[in-house]
Amino acid sequence: MATLFNSTGNNFGAGQIAFKSHQEENFVVLNAKVSYDPTNAAYQAADVLEIYVPDLSIERSAITGVILTFQDRYVYSSYTWNNDGGTAIKSWIKDKNTICLEKFTNFDEKGEITIYIQALYTALARGSNTVKGTRTRIDMTQETRYLYWSSDTFCVIFEHWVFLHMQFSSCSYSYRNEPWEAQMGSFPTDVNADVVFLGGSNQYNPSVNGASLAHVENGVFTCQERMSGFESTGYDPFIFAFLVRDN
């Protein structure tokens with residue numbers, strides 16, 4: 001079942017961090033949202049960002065990816081150009097009480113940084129009996145259809161957690177700047193999480209793609225706003241997340 005716990009400290013001035021987890025003998029699924037100010041002295045002194053937590057079920061893990069995001073808004077002729085961006089950074093479990101995040105400084109000048117941990121950490125140097133999951137296509141439905149999705153929009157469902165992959169295809173023109181909502185057929189209704197769309201042309205931050213925040217809850221997908229280059233050709237915005245179920 002889902003386990004909730006709070007961090008006991010960190011070395012980069014982030015305050016207390018709330019975690020949702022599912023833990024087994026050879027892997028851990030962790031969900032958390034971590035925000036920090038890059039100007040604080042603790043962050044500037046750190047080489048690796050460390051989060052201290054109560055005992056985890058594994059001693060150390062392989063490297064996995066988490067999503068770092070920043071906000072960047074530019075007002076031009078009364079229009080706000082949304083240049084929010086993000087990228088994947090490295091994360092790993094150093095020991096049973098320490099979660100590490102790569103210190104990625106490229107966007108420290110943007111102000112507050114937010115990292116979304118929605119990852120599966122696999123134990124190092126420990127054998128396991130592999131459990132095979134089944135890919136389940138998510139049927140995204142709407143009363144008036146205006147969102148279209150790649151066939152690579154699917155999930156893999158386990159009893160206590162789920163892997164989610166969504167890939168955007170297109171949106172009807174009249175809805176492109178409106179809030180989006182769709183029913184997620186075949187997706188568990190006991191998942192409640194903010195998830196990051198990575199993708200979209202980012203004119204003012206060309207080293208990374210755009211980042212747009214969406215939400216899944218009770219089997220419903222919502223996305224209030226997208227970054228301005230979200231529908232640019234060839235960028236294929238996607239969501240990639242391991243999410244703990246609330247069952």
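Position 1 is the first residue of the sequence; numbering continues from there. None of these values were measured; they are calculated from a predicted model.
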Would you check if the distance from the ring center of [X] to the ring center of [Y] is below 6.0 Å?
| X | Y | value |
| --- | --- | --- |
| Phe197 | Phe230 | yes |
| Trp149 | Phe221 | yes |
| Phe163 | Phe158 | no |
| Tyr148 | Trp180 | no |

Considering only heavy atoms from C-beta outward, does the side chain of [X] approach that of [Y] to under 4.5 Å?
| X | Y | value |
| --- | --- | --- |
| Thr69 | Tyr116 | yes |
| Leu56 | Ile93 | yes |
| Tyr43 | Asp37 | no |
| Tyr79 | Ser228 | yes |
| Ile89 | Val66 | yes |
| Ile67 | Ile115 | no |
| Val244 | His160 | no |
| Asp84 | Phe70 | no |

inquiry  = Is the terminal nitrogen or CZ of Lys103 (NZ for Lys, CZ for Arg) located under 6.0 angstrom from the six-membered ring centre of Phe12 and within 45° of that ring's axis?
reply    = no
key: Quiz item: cation-pi between Arg135 and Phe154, 6.0 Å / 45°   = yes
Are [Y] and [X] co-members of a hydrophobic cluster defined by side-chain heavy atoms under 4.5 Å apart?
| X | Y | value |
| --- | --- | --- |
| Trp161 | Val191 | no |
| Ile17 | Leu30 | yes |
| Phe104 | Ile51 | yes |

Partner residues of [X] under the salt bridge (Lys or Arg N to Asp or Glu O under 4.0 Å) criterion, sequence neighbours left out:
| X | result |
| --- | --- |
| Arg60 | none |
| Asp95 | none |
| Lys94 | Glu50 |

Set of side-chain hydrogen bond (donor to acceptor under 3.5 Å, both in side chains) partners for Glu217, sequence neighbours left out = Asn192, His215
ask   = Can Gln23 and Ser21 be counted as having a side-chain donor-acceptor contact under 3.5 angstrom?
value = yes
inquiry  = Taking Glu225 first and then Arg73, would you say they form a salt bridge - that is, a charged N and a carboxylate O separated by under 4.0 Å?
reply    = yes
For residues 164-177, tabulate all N or O donor-acceptor pairs below 3.5 Å that involve a side-chain atom, not counting sequence neighbours.
| from | atom 1 | to | atom 2 | distance (Å) |
| --- | --- | --- | --- | --- |
| His165 | ND1 | Asp152 | O | 2.5 |

task = Quick one: sort the Phe240 and Phe242 rings into parallel, tilted or perpendicular, breaks at 30° and 60°.
result = perpendicular
query = What pairs with Tyr235 under side-chain contact (heavy atoms from CB on, under 4.5 Å), at least two apart in sequence or on another chain?
reply = Ser201, Asn209, Ser232
